[in-house]
Student: 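Input: one structure, supplied below.
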Amino acid sequence: MVANHKPGEDNQHSGVYVEVGPRGGAVINPRIVHIDQGDRLPPTQESGHLWQRRSGAKH
């Protein structure tokens, strides 16, 4: 099971994160961001959306 993270969380593993729906499902035109260690996850396009680390993303 892949963990979902709320916008604004920090100290997540560095890598590529993709925006997902409230229950982890795909969204239309998701934001994809790259964060470094210690960075906060940015806001999502809509309230209730979450961030999910893209599997296989290595930094």
Side-chain angles (χ1 to χ4, degrees):
M1 183 173 179
V2 178
N4 295 326
H5 305 282
K6 294 180 181 179
E9 285 185 10
D10 61 354
N11 295 323
Q12 299 302 322
H13 294 288
S14 61
V16 177
Y17 287 78
V18 63
E19 183 178 4
V20 295
R23 298 188 302 173
V27 296
I28 298 172
N29 297 323
R31 287 183 65 196
I32 299 173
V33 297
H34 178 270
I35 65 165
D36 293 322
Q37 184 67 32
D39 288 349
R40 290 186 182 272
L41 290 167
T44 55
Q45 297 177 44
E46 291 187 27
S47 178
H49 284 187
L50 302 169
W51 291 106
Q52 194 173 79
R53 188 161 187 249
R54 180 161 281 177
S55 61
K58 295 183 181 177
H59 185 256

Student: Between I32 and V16, does the side-chain contact (heavy atoms from CB on, under 4.5 Å) criterion hold? Intermediate values first, please.
Tutor: CA-CA 7 Å; I32 299 173; V16 177; 3.5 Å; yes
Student: Tell me the closest heavy-atom pair linking P30 and V18, and the distance in Å.
Tutor: CB-CG2, 4.0 Å
Student: Return each pair, listed once, that meets salt bridge (Lys or Arg N to Asp or Glu O under 4.0 Å) where at least one residue sits in residues 25-35; pairs must be two or more places apart or across chains.
Tutor: none
Student: Output the distance between atom CG (L41) and atom CZ (R53), rounded to the nearest 0.5 Å.
Tutor: 11.0 Å
Student: Measure across R40 and I35 and return the closest heavy-atom pair with its distance rounded to 0.1 Å.
Tutor: O-CG2, 4.3 Å
Student: Compare every heavy atom of P7 with every heavy atom of T44, then report the nearest pair and how far apart it is.
Tutor: CG2-CG, 3.8 Å
Student: Look at the side chain of W51 and the backbone N and O of P42, then say whether any donor-acceptor pair between them is shorter than 3.5 Å.
Tutor: yes
Student: V33 and V27: same hydrophobic cluster, using ILVMFWY side-chain contacts below 4.5 Å?
Tutor: no
Student: Tell me, please, which residues at least two apart from I28 pass side chain to side chain contact (heavy atoms under 4.5 Å, CB included).
Tutor: none
Student: What heavy-atom pair brings N4 and R23 nearest, and what distance separates the two atoms?
Tutor: ND2-C, 4.4 Å
Student: Just how far is it from atom NE2 of H34 to atom CG of D39, taken to the nearest 0.5 Å?
Tutor: 9.0 Å
Student: What's the separation between atom CD in E19 and atom CD in Q52, rounded to the nearest 0.5 Å?
Tutor: 11.5 Å
Student: Using every non-hydrogen atom in the two residues, find where Q12 and Y17 come nearest and quote the distance to one decimal.
Tutor: CB-OH, 3.4 Å
